[in-house]
Protein chains: 2
Amino acid sequence: MIKGLSKKEKLLQIAARHFSKHGYEGVSLDAIAKEVGITKAAIYYHFKDKEALYEAVLLFRLENLIVHIKASITAEEPEEKLRQYIESFGAFLEEYPCFAAILAHEFADDGKHMSEKAVQTLAQPLGTLTAILNEGIDQGVFTIQNPFAVQLMIVSSFVLHQTTAGLRKRVAHYVQEFAVTPEPDIKDLAKTLATKIIKAIRKEQ
Amino acid sequence: MIKGLSKKEKLLQIAARHFSKHGYEGVSLDAIAKEVGITKAAIYYHFKDKEALYEAVLLFRLENLIVHIKASITAEEPEEKLRQYIESFGAFLEEYPCFAAILAHEFADDGKHMSEKAVQTLAQPLGTLTAILNEGIDQGVFTIQNPFAVQLMIVSSFVLHQTTAGLRKRVAHYVQEFAVTPEPDIKDLAKTLATKIIKAIRKEQ
DNA sequence: CTATCCTTACCTGTCGTTAAGTAAGTATAT
DNA sequence: ATATACTTACTTAACGACAGGTAAGGATAG
């Protein structure tokens with residue numbers, strides 16, 4: 001406890017990085033243990049099995065996310081709420097890039113490794129977004145045929161932006177037009193996304 | 001050759017499904033071979049190794065995609081071109097849902113398993129989209145600070161829509177508002193996406 | 001006879017998981 | 001104060017299952 005982190009906290013942190021880089025199935029407990037500086041069996045002292053370790057990593061960040069988003073939404077009008085939601089979501093993923101990659105892997109295989117509790121926890125921030133969109137529709141400031149498509153645009157853009165930096169760089173090498181445009185950081189992206197999405201769904205009087 | 005598919009074609013098709021469900025690392029050649037009805041060693045007769053099999057699967061669909069998109073874009077004006085691009089991209093992913101999932105996995109781990117040639121091939125349809133956006137900007141019909149964000153919205157929304165059907169259903173169980181809205185199929189999504197994105201980037205006179 | 005297309009049998013390495021053991025620390029009883 | 005009992009936080013060593021990969025040989029068709 002004199003050091004900043006206990007072994008268990010260090011384990012969780014390093015595990016998060018491994019899961020983010022290789023996905024659930026691609027991660028080896030040997031590799032994690034080696035980096036933490038313990039043996040693989042020691043992981044089984046702290047967690048029941050690989051699944052339990054993974055769930056701890058996932059739930060930890062998901063719960064952080066809920067708190068972070070709730071604290072960021074202070075406005076009254078749906079339009080401003082939506083802007084705050086988008087920007088706080090972006091800021092969170094910037095702070096924890098590992099979490100974005102874990103979500104990306106989870107989305108890619110349809111939540112295969114998510115426990116029911118993890119799904120339930122993920123549902124909370126998504127529910128908040130849905131509520132904002134519905135509120136806007138009810139108040140007549142948004143027109144959305146399909147709130148779900150709007151959600152997908154927001155969440156998927158952020159998550160994949162955070163994970164595909166290297167790939168985009170490789171692709172850019174073969175696309176002349178790409179090279180001209182500078183890569184936006186996630187805060188620029190959040191601003192652009194918020195502006196574009198609000199413009200797209202705003203009901204004109 | 002009397003049957004519709006040669007063993008090699010069947011192998012490619014089943015491999016595609018396996019890679020789409022489990023990602024590169026999660027796939028076992030034994031499992032693929034078993035389903036094809038051959039032994040694992042037979043795979044090594046057709047392909048040098050696991051990587052080569054994977055690349056064949058990926059390149060095959062990527063080349064399909066290029067042809068499909070090129071054939072779909074017939075309009076002259078950037079706005080209509082963009083609509084055609086979005087809708088043909090959506091239609092292609094609907095026809096080959098495995099491909100969407102493979103892309104999703106590849107995006108999640110930053111193209112780790114993509115060869116240089118695969119990256120180059122992926123660059124083509126993305127280049128087409130970039131060109132459409134740039135053309136619109138040049139002609140003064142689009143205002144986009146950041147074409148890249150628009151690309152990300154289109155591609156990521158489609159890909160993750162195709163892969164996360166099961167997860168969305170599970171999440172919906174915990175979000176009351178979700179249940180009300182019916183799930184759009186990908187063609188609805190493509191239409192919504194095209195309309196919203198064009199509205200978002202259209203320059204008003 | 002020969003090339004194509006496969007099978008059998010096997011190797012090596014790594015995976016998640018477990019059993020068993022241990023050094024160090026804490027709590028309690030005397 | 002000290003012996004005893006128990007917990008915490010690991011290690012060592014091994015398990016069976018399965019991974020990707022290969023060498024050698026057999027079947028089949030032209």
Side-chain angles (χ1 to χ4, degrees), chain A residues 1-60 102 105-106 108-109 112-115 118, chain B residues 1-60 102 105-106 108-109 112-115 118:
Chain A
M1 303 293 180
I2 297 165
K3 310 179 295 176
L5 290 174
S6 73
K7 274 275 157 74
K8 190 175 178 180
E9 286 169 319
K10 198 177 169 188
L11 170 58
L12 276 169
Q13 192 186 296
I14 288 173
R17 227 185 42 240
H18 278 246
F19 284 123
S20 80
K21 287 223 170 108
H22 310 288
Y24 181 81
E25 323 216 22
V27 160
S28 115
L29 298 182
D30 281 303
I32 294 175
K34 194 173 176 187
E35 199 178 328
V36 177
I38 55 178
T39 58
K40 182 170 53 172
I43 296 177
Y44 283 83
Y45 170 75
H46 294 289
F47 298 96
K48 184 180 153 282
D49 52 19
K50 191 183 180 183
E51 258 188 58
L53 170 62
Y54 181 68
E55 192 181 9
V57 167
L58 194 55
L59 282 180
F60 183 59
I102 290 173
H105 278 109
E106 215 48 79
D109 49 37
K112 207 200 310 180
H113 305 289
M114 288 182 74
S115 69
Chain B
M1 304 294 179
I2 299 166
K3 310 179 295 176
L5 289 174
S6 73
K7 276 277 160 69
K8 190 175 177 181
E9 286 169 320
K10 197 175 170 191
L11 170 59
L12 277 169
Q13 192 187 297
I14 288 173
R17 226 185 43 241
H18 279 247
F19 284 124
S20 81
K21 287 221 172 106
H22 310 288
Y24 181 81
E25 323 216 22
V27 160
S28 116
L29 297 184
D30 282 302
I32 294 175
K34 194 174 177 185
E35 200 178 327
V36 177
I38 55 176
T39 56
K40 181 172 56 174
I43 296 177
Y44 283 84
Y45 171 74
H46 292 290
F47 298 97
K48 185 179 153 280
D49 54 17
K50 190 183 181 182
E51 259 188 57
L53 170 63
Y54 181 68
E55 192 182 8
V57 167
L58 195 55
L59 282 180
F60 183 59
I102 290 173
H105 278 109
E106 214 49 76
D109 49 38
K112 208 202 306 183
H113 305 289
M114 289 181 75
S115 68

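Being a predicted model, the structure only gives us computed values, none of them experimental. Per chain, numbering begins at 1; letters A, B, ... match sequence-line order. For the numbers below, each heavy atom of this structure counts, side chains included, while hydrogens, waters and symmetry mates do not.
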query: Heavy atoms under 4.0 Å, any strand shown: does A/Val36 hit a base, just sugar-phosphate, or nothing?
result: nothing

- prompt: Counting side-chain heavy atoms from CB outward, which of C/dT4, D/dA19, C/dT17 is closest to B/Ser28?
  reply: D/dA19

message: Taking only side-chain N and O atoms of B/Tyr44, does any of them lie within less than 4.0 angstrom of OP1 or OP2 on D/dT22?
response: no

- request: Measure from the side-chain heavy atoms of A/Thr39 and tell me the nearest of D/dG21, D/dT12, C/dG16.
  value: D/dT12

- request: Could you state the atom-to-atom distance from CD of B/Glu25 to C1' of C/dG13 in whole Å?
  value: 16 Å

task: Can you tell me the distance, in whole Å, between the CG atom of B/Asp30 and the P atom of C/dC15?
output: 17 Å

- prompt: B/Leu53 CG to D/dA19 C1': how many Å, rounded?
  reply: 15 Å

task: Report the distance from atom NE2 of A/His18 to atom P of C/dG16, rounded to the nearest whole Å.
output: 12 Å

query: Under the side-chain contact (heavy atoms from CB on, under 4.5 Å) criterion, do B/Lys21 and A/Lys112 qualify, and how do the steps go?
result: CA-CA 9 Å; B/Lys21 287 221 172 106; A/Lys112 207 200 310 180; 5.6 Å; no

- line: Comparing A/Ala31 with A/Lys48, nearest DNA chain C nucleotide closer to 5' gives the residue A/Ala31

- prompt: Taking only side-chain nitrogens and oxygens of B/His46, does any of them come within less than 4.0 Å of OP1 or OP2 of C/dC6?
  reply: yes

task: Answer yes or no on whether B/Lys8 is positioned over the face of B/Phe47, meaning its NZ or CZ is under 6.0 Å from the six-membered ring centre and within 45° of the axis.
output: yes

message: Using the rule given for side-chain contact (heavy atoms from CB on, under 4.5 Å), can you reason through B/His113 versus B/Glu25, listing the C-alpha separation, both sets of side-chain angles and the distance that settles it, and then say yes or no?
response: CA-CA 9 Å; B/His113 305 289; B/Glu25 323 216 22; 3.5 Å; yes

statement: Closest of D/dT22, C/dT17, D/dT11 to the B/Ala41 side chain is D/dT22

message: Could you check whether any side-chain N or O of A/Lys50 sits under 3.5 Å from a backbone N or O of A/Tyr24, counting only pairs where one atom can act as donor and the other as acceptor?
response: yes

query: Taking everything shown except B/Glu51 itself, do over 12 heavy atoms lie less than 6.0 Å from its CD?
result: no

task: Check the distance between D/dT22's P and B/Lys50's NZ and give it to me in whole angstrom.
output: 14 Å

message: What is the distance, to the nearest angstrom, from the CZ atom on A/Phe19 to the C1' atom on C/dG16?
response: 12 Å

A/Lys40 side-chain proximity, nearest of C/dT8, D/dG20, C/dG16: C/dG16

query: If only side-chain N and O atoms of B/Tyr45 are considered, is one of them under 4.0 Å from the OP1 or OP2 phosphate oxygen of C/dC5?
result: yes

Atom pair distance, as rounded to whole Å: CD1 in A/Ile32 and C1' in C/dT14: 15 Å

- prompt: In whole Å, what is the span from the CD1 atom of A/Ile38 to the P atom of D/dT11?
  reply: 6 Å

